[in-house]
Amino acid sequence: MARYNAWQNRQMKAAMEALGEDECKKDRGAIFGSILATANHLLWGDAMWMARFDGGARPQGGIPESVDMTARLPDWALERFRMDGRILLWAEALRAVDLVGDLKWYSGAQGREVSKSMALCVTHMFNHQTHHRGQVHAMVTAAGGEGWTSDLAFMPGEGPWL
């Protein structure tokens, strides 16, 4: 799923760049407003989950501030590339035993400590990515841009996940 995520984000980046920064900043009536704001929220969510998983840096602010994680499309593209690398490196080192047990964290969204299965949390991170990329895909195509292939079965390359 980490490889799939990186593949999808490369395609999403190309579609956003083809559309142009001004179009990506227009409010489109989505839950987070614009294409860039939604892409920022997705980047912020990945950073938050990865901080819980690998103990690295956590993003600033909460969900309301997530939409402003980067101000410009090139800045988002750079941070997205870095985050995808972080996720890939983490996933490549992951062992089955690492998914056993619970993950505990303080949820700002819920205002309390939460404990959930680590395997569930990892699954959620990848599901969250797919959900918000779907929103971006819908906004890009509604704006007249080109969509991208999202079917896992059409991901290039081979690996143990096939």
Side-chain angles (χ1 to χ4, degrees), residues 1-94 107-109 120-162:
M1 292 311 298
R3 288 189 298 268
Y4 174 78
N5 171 63
W7 175 59
Q8 286 299 288
N9 287 332
R10 285 189 301 272
Q11 291 185 85
M12 183 171 71
K13 173 185 168 284
M16 290 167 63
E17 288 174 342
L19 201 56
E21 187 165 325
D22 290 342
E23 287 296 316
C24 287
K25 287 183 171 184
K26 284 184 182 174
D27 189 328
R28 305 215 175 257
I31 189 167
F32 293 110
S34 71
I35 292 168
L36 182 59
T38 303
N40 271 331
H41 170 76
L42 174 51
L43 178 62
W44 177 91
D46 285 351
M48 186 62 75
W49 281 109
M50 287 306 300
R52 294 170 184 150
F53 298 158
D54 70 8
R58 101 185 255 289
Q60 297 295 313
I63 293 171
E65 295 81 23
S66 69
V67 298
D68 298 318
M69 192 162 179
T70 64
R72 299 179 52 248
L73 190 52
D75 300 329
W76 172 84
L78 177 60
E79 292 306 316
R80 182 72 262 172
F81 177 78
R82 288 179 177 153
M83 182 55 60
D84 289 345
R86 181 177 171 186
I87 293 169
L88 283 163
L89 288 172
W90 169 79
E92 287 172 0
L94 199 64
S107 169
L120 176 76
C121 292
V122 171
T123 301
H124 169 74
M125 179 182 74
F126 291 114
N127 188 60
H128 181 259
Q129 294 165 349
T130 300
H131 167 70
H132 288 301
R133 270 194 305 265
Q135 291 174 328
V136 171
H137 190 281
M139 288 187 279
V140 164
T141 57
E146 288 291 322
W148 57 92
T149 301
S150 61
D151 294 334
L152 185 58
F154 299 117
M155 185 174 144
E158 294 185 23
W161 50 270
L162 288 176

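Side chains are part of it too, since the values below use all heavy atoms of this structure and drop only hydrogens, waters and symmetry mates.
Between E79 and M69 there is no side-chain heavy-atom pair separated by less than 4.5 Å. At least one side-chain heavy atom of V122 sits less than 4.5 Å from a side-chain heavy atom of W90. With a 4.5 Å cut-off on side-chain heavy atoms, R133 and N5 count as touching. Using a 4.5 Å cut-off on side-chain heavy atoms (C-beta onward), Q60 and E65 make no contact. Counting only heavy atoms from C-beta outward, the side chains of Q129 and I87 approach each other to under 4.5 Å.
Of the charged side-chain nitrogens involved, none lies within less than 4.0 Å of a carboxylate oxygen, so that D84 and R10 do not count as a salt-bridged pair. Note on R28 versus E23: salt bridge recorded, some NZ/NE/NH1/NH2 to OD/OE distance being below 4.0 Å.
The backbone N or O of S150 sits less than 3.5 Å from a side-chain atom of Y4, completing a donor-acceptor pair. For the pair K25 (side chain) and A71 (backbone), a donor-acceptor distance under 3.5 Å is present. Judged by distance alone, the side chain of Q11 and the main-chain N or O of T149 form a donor-acceptor pair under 3.5 Å.
In this structure, A109 and I63 approach most closely via the heavy-atom pair CB-CD1, 3.9 Å. Across every non-hydrogen atom of L19 and I35, the tightest pair is CD2-CD1, 3.6 Å.
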side-chain contact (heavy atoms from CB on, under 4.5 Å) evaluation trace for K26 with D22: CA-CA 7 Å; K26 284 184 182 174; D22 290 342; 5.6 Å; no

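Between W7 atom CH2 and M1 atom CE the span is 10.5 Å, to the nearest 0.5 Å. Put simply, CE on M48 and CG on L43 are 11.5 Å apart, with the number rounded to the nearest 0.5 Å. To the nearest 0.5 Å, atoms CG (D54) and CG (L94) are separated by 11.0 Å.
Between W148 and H137, the ring planes lie perpendicular to each other; the angle is over 60°, past the 30° to 60° tilted range. The aromatic rings of H132 and H41 stand perpendicular to each other, their planes meeting at an angle above 60°, with 30° marking the opposite boundary.
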